[in-house]
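Below is one structure; the comments refer to it alone.
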Protein chains: 2
Amino acid sequence: MQGKLSGEDIKRVTELLRKSGYKLTPQRQAIVDTIISSVGNHLTVEELYALVRLKKPEIGLATVYRTVILMNELGLVSRLDLKDGSARYEMTRIEENHTHHHLICTRCSRVSEFMGDLLEPIEHVIEEKYNFIIKDHSLKFYGICEECAKEEKLKEEKLV
Amino acid sequence: MQGKLSGEDIKRVTELLRKSGYKLTPQRQAIVDTIISSVGNHLTVEELYALVRLKKPEIGLATVYRTVILMNELGLVSRLDLKDGSARYEMTRIEENHTHHHLICTRCSRVSEFMGDLLEPIEHVIEEKYNFIIKDHSLKFYGICEECAKEEKLKEEKLV
DNA sequence: GTATGTGCAAACGGTTTGCAGAAAT
DNA sequence: ATTTCTGCAAACCGTTTGCACATAC
């Protein structure tokens with residue numbers, strides 16, 4: 001659990017749920033609160049489930065799945081697929097217009113992010129050259145994060 | 001089944017299997033042949049299984065899984081994860097140095113490819129800025145392919 | 001009051017695995 | 001002869017679904 005919980009965000013999300021004709025149940029509230037209060041964490045559904053249960057022990061896993069799918073359809077969260085078999089979800093922050101990407105450490109599987117509209121020029125080339133209308137993109141870099149690189153260096157030094 | 005079957009490729013692959021200490025069974029042969037003869041097709045394991053069974057009806061699905069995992073470890077095939085729950089595999093062609101990406105049509109789920117080392121400059125920026133050592137990357141564009149766009153246009157015209 | 005949402009447990013679908021027999025080296 | 005591989009069926013694991021009850025509106 002990290003990141004600053006923003007009452008503004010919670011309002012925005014619950015409002016949109018309402019407007020779209022969905023009921024604002026305590027379960028959904030709890031899930032929204034939890035997922036917002038852990039920005040930057042890329043939670044699996046199980047992880048989210050565990051966190052939500054701290055506040056709402058009666059909640060069922062299926063409800064978490066259903067809510068997260070719903071929120072994804074509404075564009076409130078975005079799904080992230082690493083290569084490890086379970087989907088991850090994170091809040092979509094309003095400020096950014098779909099231009100954030102992921103750095104995935106293959107040692108510790110930590111996920112960090114980087115910003116930038118670096119792809120825009122590439123997209124234009126593609127659209128013209130291949131007559132392909134781009135709606136969305138996914139850019140991921142796999143490699144070794146700073147912490148793991150440091151650790152490795154330390155080990156090497158000890159061996160010398 | 002499409003693409004030109006290259007005897008050279010088959011040799012290269014079977015050779016590498018041997019050298020790495022793996023036995024060259026008829027099952028593996030059949031799988032290698034099939035996957036090579038369908039370059040550009042991004043097969044799911046089930047699809048590959050169905051194709052291989054045309055030549056080797058006794059083969060088991062588990063063998064196909066095991067072979068494809070093995071070949072992936074050896075770098076002979078690459079795994080492609082779309083958002084549809086099943087992994088796809090394609091031959092890794094020697095000519096290209098990991099610089100090919102995917103265009104995925106969200107209408108017909110056809111997958112096409114595009115080449116280009118467009119990411120290299122971006123990678124350097126990232127490596128410096130975030131102290132992240134990049135080993136691999138994945139770039140995918142989701143959208144509407146040329147054929148589907150045409151189809152849509154046709155429908156619109158009929159409605160007018 | 002009614003439509004929608006929930007919890008539970010069972011089903012699902014892609015993938016992996018344990019095992020006994022088969023085959024490559 | 002020995003190690004590796006195969007086919008089968010069962011297990012696995014993340015996810016989805018059917019259902020009877022509960023609840024937000």
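Naming convention: chains lettered A, B, ... in sequence-line order (proteins, then strands); numbering from 1 in each chain.
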message: Applying ring-ring contact (aromatic ring centres under 6.0 Å, His included) to B:Phe141 and B:Phe114, what does each step give before you reach the verdict?
response: CA-CA 10 Å; B:Phe141 289 110; B:Phe114 71 94; 5.8 Å; yes

field: B:Cys145 side chain near B:Cys108 side chain, heavy-atom distance below 4.5 Å
entry: yes

query: Once you round it to whole Å, what is the distance between C1' of D:dC8 and CD of B:Gln27?
result: 14 Å

field: Lys/Arg-Asp/Glu bridge criterion (N-O < 4.0 Å) met for B:Glu151, B:Arg107
entry: no

message: With side chain to side chain contact (heavy atoms under 4.5 Å, CB included) as the test, pick out the partner of A:Arg88 among A:Asp81, A:Val45, A:Val68, A:Thr44.
response: A:Thr44

query: Is a side-chain donor or acceptor of A:Thr92 paired with a backbone partner of A:Leu76 at a separation under 3.5 angstrom?
result: yes

- prompt: Does the side chain of B:His101 come within less than 4.5 Å of A:His137's, by heavy atoms?
  reply: no

task: Please identify each residue that fulfils side-chain hydrogen bond (donor to acceptor under 3.5 Å, both in side chains) with A:Lys56, with sequence neighbours left out.
output: A:Glu58

- request: Please state how far atom CZ in B:Arg28 lies from atom P in D:dG7, giving the value in whole angstrom units.
  value: 11 Å

- line: Outer limits of DNA chain C sitting under 4.0 Å from a non-hydrogen atom of chain A, read 5' to 3', are C:dA3 to C:dC8

- request: Report which part of the nucleic acid B:Arg66 touches: base, sugar-phosphate, or nothing (heavy-atom distance under 4.0 Å, all strands).
  value: base

- prompt: Are any side-chain N or O atoms of A:Arg28 and backbone N or O atoms of A:Lys23, one a donor and one an acceptor, separated by less than 3.5 Å?
  reply: yes

Given DNA chain C, 5'-ward residue of the pair B:Thr25 and B:Arg88, judged by closest heavy atom: B:Arg88

query: Hey, does A:Ser86 have a side-chain heavy atom less than 4.5 Å from the side chain of A:Asp84?
result: yes

statement: Side-chain contact check for A:Tyr65: nearest option of D:dT6, D:dG18, D:dT15 is D:dT15

statement: In short, the helix from C:dG1-D:dC25 to C:dT25-D:dA1 is bent end to end, axes from five pairs each side, to 10°, by 30°

- prompt: Counting N and O atoms only, with roles assigned by atom type, does the side chain of A:Glu127 sit under 3.5 Å from a partner on the main chain of A:Ile134, one being a donor and the other an acceptor?
  reply: yes

query: Using a distance-only test with no angle check, is there a side-chain donor-acceptor pair under 3.5 angstrom linking A:Lys55 and A:Thr34?
result: yes

message: Distance check needed: D:dG7 P versus B:Arg53 CZ, whole Å only.
response: 11 Å

Give me the distances for all protein-to-nucleotides 21-23 of chain D N/O pairs that come in under 3.5 Å?
none

- prompt: Going by heavy atoms closer than 4.0 Å, what residues in residues 76-86 of chain B are next to DNA chain D?
  reply: none

field: Check: B:Leu48 and B:Tyr89 side chains under 4.5 Å, non-hydrogen atoms
entry: no

- request: For residues 43-63 of chain A, pull every pair meeting ring-ring contact (aromatic ring centres under 6.0 Å, His included), keeping only residues two or more places apart or in separate chains.
  value: none

First of B:Gly21 and B:Thr63 reached from the 5' end of DNA chain D, by closest nucleotide: B:Gly21

message: Classify B:Glu46 by what it touches in the nucleic acid, base, sugar-phosphate, or nothing, heavy-atom distance under 4.0 Å.
response: nothing

- request: Quickly work out the A:Gln29 CD to D:dA24 C1' distance and round it to whole Å.
  value: 12 Å

